[in-house]
Amino acid sequence: MQRAKSSSSLASGSGTNNNSKGPTSTVFSNSKYKETPELKTSKNVLYWRIAFLLFLCCTAAALGYGAYWFMRDAEDRLAQERFDSVTERALAVAQLVIEEKKKATDALALMVGSANPKASAWPNVYLDGYQEIATSLRIITKGSLSFCPLVVPGGEEQASFEEFAYDLYQNVLELKEGAGESEFGQGIFQFGRGEFGNDTWPDYRFHITSGWTFHGSQQEILTPFLQSDFGYHSVLMLNTHYEPFRARAQDTSIVCSEQRMEAQDYRECGTITDLLWSPTAAKDVEDGPAGIMMVPTYPSLDNLTLTGFIVGKQLWSDLLEHAFETGVTGLDVVIRTDTNTEGFTYSVTDGLAAFKSNGTVVDSDPEFLASRHINPKYFADNTAQYFMDIYSTDEFMDQYRTNNPRAACIGAVAIVFGTSLLFFLYDYFVRKEFHDKKNLLDAKRQFVRFISHEVRTPLNTVCMGLALLKQEFNHFLEHGSSSSTATEGEQTASNKTTEFGSKVREWMDLSDQVGQNASASVAVLSDLLHYDKIQTGTLTLELSTIPIFHAMEKIVNEFKIAAREAGINLYLDLSALPSKSNEGPKKDTSPSSLSEGLRAAIVVGDSVRLVQVFRNLLSNGLKFSKDGGDLIIRARETHTSKSYKEKEFMINKDEPISLCQRSVLVIDVVDQGVGMTREQVKTVFVDGTQFNANQFQAGGGSGLGLSIARGIAKEHNGTLTCHSEGMGKGSTFTLTLPLYNPANATSM
């Protein structure tokens, strides 16, 4: 009875509070956490804020002035970017249109040459279906396409050609009566009064029988208009070489073709006339400035011999038709050549280019100008060189000039003061919110500390009381049974005692479960307290020199009984470390087998905290290992390339010591347990992480153990990492710590 009394006395007397309600009646005072008055701004901060406000006021005028010019410059840059975009597109489209028109004309010339492959058959040749083919190409060229063979004037060739041409018109093409005929009759004609001015006909035409031209061309040739994309045309049989612009283009092509034949190459000999005003019979194209393309034809079997021309009209209005997108207004476009520098001017309104004037008629001081050489690679070198210039007008600039600069200038001061007000309001509320959150965080931490201290104490008392109660139960079971010579009455009492003993055993089992859960609760509260200290940076280390290998051996020995009960083989593997003999230490051997210098090596740290780390790793290894598996604690040394310097430490709170690091100690805790996935390895040190807690941990633990262990390792200038090959392949936790030589020892 005396033991029971002492147990009762201990249970009633434990705890930090002695009032009638017991430990649970302790009141948590929140007087420290009442909302404090707003902190007054320090003088320095106040002065800086006043200086900042004055600075904002002083810069308001400069900002307004700068805003005006900034906005104006932004508008000009926007106009410039828009102008560059529009003109780049227009110039590119113009160049592309010329290229496509030239290709279409080249294709027709190639077809004529293929249809009449022998040069000897020329000029008495034609292309069957020419009107249909040329008409289909007009969707690209827009202008007319004419076939003009090259004829030697006078003599049999001209007479033979003229007879061939009229037979073609009347019997093959079946054009209307009188096709290609003039007042003087049938034959190749030019406009005028003849070579000597004595041929006068009502239609102002005369029969040309020589290569004479009034502009004095050196090429004595005729290039009669034989076939047209319209079929019948009023000027069939006109010698196109009579007009000076066309003649110069044809002469350039002839000279180029002669050089082509001499060099036996295939250079481009197409030409284009200088700018001229040209009427057109096309219904969808207006009269206007044009250039006439002269594309030479070569028979396919004699492709170096010039035999004629495909004459294509390039109307520049067509070139500009799709150059500008809808909405583009206020631009002047000048088409000019290297010889006709004045050219012709078009104005652009809502994306449409309309003829404006002969010559360059633009604003006297245009803001922007873009120019491009638009036919550099499609014709012979000596042909007319075309340029396209695009000028901005005041109308274009007005689209981008607004009152925004003025508004920006006026609003600058208001913006500055408004921003200043918002800044100070924001600063006020941020400081207030920060202060409130800080108070709340402090209250939470104080609450955690209070719970950890005030709740853990009665739980410890419960554990102690349960331990004493268990001792009383054991004492009763050992001494409460009767002897074998008891009387019948005594035997009956003994039976009752035995029955009571079985009840006592059940109570013992129940007290064991209660004690285990109470111990688990104490461990969780301890984890919370340690976690809070690590997070707030208030964890205090009581440094001392630790003979690390002996400490490891001691901890492993402590866990061997638990490992044996769990059916797990626990080893301390020092085989990777230098030993006394040539052979390295074997698994599960004493550190005494290590070399003398290594055996004396120490770790500087808090022994309690480091033991906590080792215990956490070993308990986790036992918890997650499989029955019959191995749990190996393996130690090894690594050396970094940098040289180690002496470090100063304050051990036992007031003893300074200088130590030189010898290496880094690497400790691997290797289990053959359930293992982890890659995702689990990434989160294993995250606060509160637990994997399959109900299956492997019976729902216990706070999930903070590894996080706390890692924090302690960092406080000791070490690391704690994890690695696993996957589920079912075990896990390896690696702890690294600086290893030092003892005081007054050299590195070994």
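Counting begins at 1 with the first residue of the sequence.
Atom CD1 in Ile272 sits 12.5 Å away from atom OG in Ser253 (nearest 0.5 Å). Between the CZ atom in Phe184 and the CZ atom in Phe189 there is a gap of 7.0 Å [rounded to 0.5 Å].
Gln227 places a side-chain N or O within donor-acceptor distance of the main-chain N or O of Leu127, the cut-off being under 3.5 Å. At distances below 3.5 Å, at least one donor-acceptor pair connects side-chain atoms of Thr213 with backbone N or O atoms of Ser217. Between the side chain of Thr105 and the backbone N or O of Lys101 there is at least one donor-acceptor pair closer than 3.5 Å. Although no hydrogens or angles enter the test, the distance criterion places no donor-acceptor pair under 3.5 Å between the side chain of Ser357 and the main chain of Thr345. Between the side chain of Ser392 and the main chain of Glu367, a donor-acceptor pair closer than 3.5 Å is present. Listed for the Glu157 side chain is a donor-acceptor partner under 3.5 Å among the backbone atoms of Val152. Checked by atom type and distance alone, the side chain of Lys118 never pairs as donor or acceptor with a backbone atom of Pro299 at under 3.5 Å. Put simply, the side chain of Thr59 gets close to the backbone of Phe55: a donor and an acceptor are under 3.5 Å apart. Using a distance-only test at 3.5 Å, with no hydrogens or angles considered, a donor-acceptor pair links the side chain of Asn116 to the main chain of Val112. Between the side chain of Thr297 and the main chain of Gly113, no donor-acceptor pair closer than 3.5 Å is present.
A heavy-atom distance below 4.5 Å is not found between the side chains of Met237 and Phe225. Side chains of Ile208 and Pro153 form no contact here, defined as non-hydrogen atoms less than 4.5 Å apart. Val311 has its side chain out of reach of Met293: every pair of non-hydrogen atoms, C-beta onward, lies at least 4.5 Å apart. Side-chain contact between Thr223 and Asn239 is present, with heavy atoms from C-beta onward closer than 4.5 Å. In this structure, Ser371 and Asp389 have side chains that are in contact, with non-hydrogen atoms separated by less than 4.5 Å. For the pair Met397/Phe368, a side-chain contact is recorded, criterion being any heavy-atom separation below 4.5 Å from C-beta on. Between Ile335 and Pro289, every side-chain heavy-atom pair lies at or beyond the 4.5 Å cut-off. Inter-residue side-chain proximity for Phe161 and Ile188 is flagged as met; some heavy-atom pair is nearer than 4.5 Å.
Here Phe387 pairs with His373 under the ring pair (Phe, Tyr, Trp, His ring centres under 6.0 Å) rule; sequence neighbours left out. Every residue two or more places apart in sequence or in another chain that forms a disulfide bond (SG atoms under 2.5 Å apart) with Cys269 is listed here: Cys256. A search for side chain to side chain contact (heavy atoms under 4.5 Å, CB included) contacts involving Asp394 returns Asp363, not counting sequence neighbours.
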Quiz item: Where do Asn303 and Tyr266 land on the side-chain contact (heavy atoms from CB on, under 4.5 Å) test, with the steps shown first?
Solution: CA-CA 9 Å; Asn303 55 11; Tyr266 296 93; 3.6 Å; yes
Practice problem: List the steps and the verdict of side-chain hydrogen bond (donor to acceptor under 3.5 Å, both in side chains) for Thr329 and Gln399. | Solution: CA-CA 9 Å; Thr329 298; Gln399 299 175 71; 5.3 Å; no
Quiz item: Is there a side-chain hydrogen bond (donor to acceptor under 3.5 Å, both in side chains) between Ser114 and Ser300 once you walk through the steps?
Solution: CA-CA 5 Å; Ser114 298; Ser300 59; 4.8 Å; no
Quiz item: Under the side-chain contact (heavy atoms from CB on, under 4.5 Å) criterion, do Lys102 and Phe379 qualify, and how do the steps go?
Solution: CA-CA 9 Å; Lys102 177 62 166 53; Phe379 300 96; 3.7 Å; yes
Self-check item: Intermediate values then yes/no, salt bridge (Lys or Arg N to Asp or Glu O under 4.0 Å), Arg205 and Glu181
Solution: CA-CA 10 Å; Arg205 299 179 178 183; Glu181 296 181 3; over 6 Å; no
Practice problem: Please test Glu75 against Arg72 for salt bridge (Lys or Arg N to Asp or Glu O under 4.0 Å), starting from the C-alpha separation and ending with a verdict. | Solution: CA-CA 5 Å; Glu75 290 178 348; Arg72 178 64 72 193; 3.1 Å; yes
Practice problem: Kindly indicate, with the supporting measurements, whether the criterion side-chain contact (heavy atoms from CB on, under 4.5 Å) is fulfilled by Gln170 and Leu175. | Solution: CA-CA 6 Å; Gln170 296 170 11; Leu175 302 180; over 6 Å; no
Practice problem: Could you go through the side-chain hydrogen bond (donor to acceptor under 3.5 Å, both in side chains) check for Asp332 and Thr393 one step at a time? | Solution: CA-CA 7 Å; Asp332 287 333; Thr393 67; 5.8 Å; no
Self-check item: Step-by-step side-chain hydrogen bond (donor to acceptor under 3.5 Å, both in side chains) determination, Asp84 to Gln80
Solution: CA-CA 6 Å; Asp84 292 343; Gln80 175 75 68; 2.8 Å; yes
Exercise. For side-chain contact (heavy atoms from CB on, under 4.5 Å), just list the numbers for Arg193 and Trp201, CA-CA rounded to whole Å, side-chain angles, deciding distance to a tenth of an Å, and then say yes or no.
Key: CA-CA 8 Å; Arg193 299 184 181 278; Trp201 298 96; over 6 Å; no
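A cation-pi arrangement is absent between Arg246 and Phe309 under the rule of less than 6.0 angstrom and at most 45 degrees off the ring axis. Both the sub-6.0 Å distance and the 45° axial angle are satisfied by Arg138 relative to the ring of Phe230. For the pair Lys176 and Tyr232, the distance from NZ or CZ to the six-membered ring centre is under 6.0 Å and the angle to the ring normal is within 45 degrees.
Taking the six-membered ring where tryptophan is involved, the planes of Phe396 and Phe83 are perpendicular, since the angle between them exceeds 60° and thus also 30°. Aromatic ring pairs are classed by plane angle as parallel below 30°, tilted from 30° to 60° and perpendicular above 60°; the pair Phe355 and Tyr346 is perpendicular.
The number of heavy-atom neighbours closer than 6.0 Å to CZ of Phe70, taken from other residues, nucleotides and ligands shown, is 12 or below. The number of heavy-atom neighbours closer than 6.0 Å to CZ of Arg267, taken from other residues, nucleotides and ligands shown, is above 12. Sparse packing is recorded around CD of Gln218, with 12 or fewer heavy atoms of other residues, nucleotides or ligands lying under 6.0 Å away. The environment of CD in Glu220 is sparse: at most 12 heavy-atom neighbours from other residues, nucleotides or ligands sit within 6.0 Å. Residue Glu163 qualifies as open at atom CD: its count of foreign heavy atoms under 6.0 Å is 12 or below. Atom OH of Tyr65 sits in a sparse spot, with 12 or fewer heavy atoms from other residues, nucleotides or ligands closer than 6.0 Å. Applying the 6.0 Å contact sphere to OH of Tyr426 captures no more than 12 heavy atoms from other residues, nucleotides or ligands. In Trp277, the CH2 atom is crowded: over 12 heavy atoms of neighbouring residues, nucleotides or ligands sit closer than 6.0 Å.
Taking the charged nitrogens against the carboxylate oxygens, Asp274 and Arg248 have no contact shorter than 4.0 Å, which rules out a salt bridge.
When each of Asp251, Ile254, Leu222 is checked for a side-chain contact (heavy atoms from CB on, under 4.5 Å) with His241, only Asp251 meets the rule. For the side-chain hydrogen bond (donor to acceptor under 3.5 Å, both in side chains) criterion with His207, the lone passing option out of Glu162, Gln190, Gln186 is Glu162. Checking each of Ile133, Leu137, Thr135 against Leu145 for a side-chain contact (heavy atoms from CB on, under 4.5 Å) leaves exactly one that passes, namely Leu137.
Between Tyr166 and Phe164, the distance from one ring center to the other does not fall under 6.0 angstrom.
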